[in-house]
Amino acid sequence: MPNSITGGCLCGKIRYTVSQPLQNIIACHCTHCQKASGGGASHNVVAPTAAVTFTAGQPKLYADTAQSGNILKRYFCADCGSPIYAQREKLPEVMVLKAGTLDDSADMKVIMNIWTKSARPWMHIDPATECHPENRPAKS
Ligand SMILES: [Zn+2]
Ligand SMILES: [Zn+2]
């Protein structure tokens, strides 16, 4: 496994590195992620903001009002449109990277599916994973 994980957008103007290992992917089937990704779901990898460094470019911000009512800041490449990461306005210490922007994610796997109640009927969801009809329950 490489020491640092790298990723970037389709056109290559935005590049980033993550200084710690990442393993778990959470697939979000909410309707906002479907629109924002152009796919059936977004595949998200949670990383501490402090571990992520942008080595090229700066993503553009779209401030989305999530179904929960909270502001979810969605960052994407202004040139090619690739979604790069999302961040809850109330949780700036965490970044939710889009797994498809990682250069190599061979060691990772989907461990959880959320917002399955709005999943597209043609999306396969592994029943062996942890599934939630809406957001994952908050840990208190
Ligand atoms: Zn780009
Ligand atoms: Zn979502």
Side-chain angles (χ1 to χ4, degrees):
M1 195 195 256
N3 288 329
S4 70
I5 291 168
T6 56
C9 67
L10 177 61
C11 76
K13 289 213 172 99
I14 292 172
R15 296 289 304 162
Y16 64 83
T17 62
V18 187
S19 62
Q20 70 164 56
L22 303 171
Q23 279 178 318
N24 297 333
I25 297 171
I26 298 172
C28 182
H29 302 265
C30 83
T31 56
H32 291 214
C33 281
Q34 291 170 6
K35 295 283 188 194
S37 69
S42 72
H43 290 84
N44 300 317
V45 182
V46 176
T49 301
V52 181
T53 307
F54 281 89
T55 53
Q58 205 61 49
K60 188 173 160 68
L61 166 66
Y62 171 65
D64 184 21
T65 303
Q67 275 156 280
S68 60
N70 291 323
I71 300 293
L72 183 70
K73 295 153 108 182
R74 293 179 180 272
Y75 289 90
F76 61 97
C77 175
D79 286 294
C80 71
S82 303
I84 309 294
Y85 73 98
Q87 191 168 53
R88 288 190 194 185
E89 191 174 48
K90 291 177 183 167
L91 205 58
E93 59 271 30
V94 167
M95 277 169 74
V96 181
L97 296 164
K98 301 298 169 186
T101 65
L102 297 165
D103 295 329
D104 180 3
S105 60
D107 295 332
M108 302 179 197
K109 64 177 180 178
V110 175
I111 56 135
M112 191 190 298
N113 286 273
I114 59 173
W115 288 99
T116 56
K117 74 172 190 182
S118 55
R120 301 274 176 163
W122 37 263
M123 279 295 287
H124 171 72
I125 296 175
D126 182 352
T129 61
E130 186 181 333
C131 292
H132 299 287
E134 296 189 355
N135 224 333
R136 75 196 283 190
K139 288 180 205 139
S140 52

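When a ligand or atom number is given, it counts from 1 through the structure's own listing order. Nothing here was measured: the structure is a model prediction, and the numbers come from that model.
- Taking all atoms of both residues into account, the shortest heavy-atom contact from C9 to I84 is CB-CD1, 3.6 Å.
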Query - Test log, rule salt bridge (Lys or Arg N to Asp or Glu O under 4.0 Å), inputs K73 and E89 - result: CA-CA 6 Å; K73 295 153 108 182; E89 191 174 48; 5.6 Å; no
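- Residue I14 is not grouped with residue V96 when hydrophobic side chains (ILVMFWY) are merged at heavy-atom distances under 4.5 angstrom, including chains of intermediate members.
- Smallest separation of non-hydrogen atoms from M123 and A41: CE-CB, 3.9 Å.
- Near-neighbour remark for the Zn ion (ligand 1): protein N, O or S atoms under 2.8 Å are C9 SG, C11 SG, C77 SG, C80 SG; waters not counted.
- For Y75 and F54, the gap between ring centers reaches or exceeds 6.0 Å.
- Residues Q20 and A51 come closest through the heavy atom pair CG-CB, 4.1 Å.
- Protein contacts to the Zn ion (ligand 2) involving N, O or S atoms at a distance below 2.8 Å are C28 SG, C30 SG, C33 SG.
- Rounded to the nearest 0.5 Å, atoms SG (C131) and NE2 (H29) are 7.0 Å apart.
- For the pair V52/Y85, no side-chain contact is recorded, criterion being any heavy-atom separation below 4.5 Å from C-beta on.
- L22 and I114 are assigned to two separate hydrophobic clusters, defined by single-linkage of ILVMFWY side chains at heavy-atom distances under 4.5 Å.
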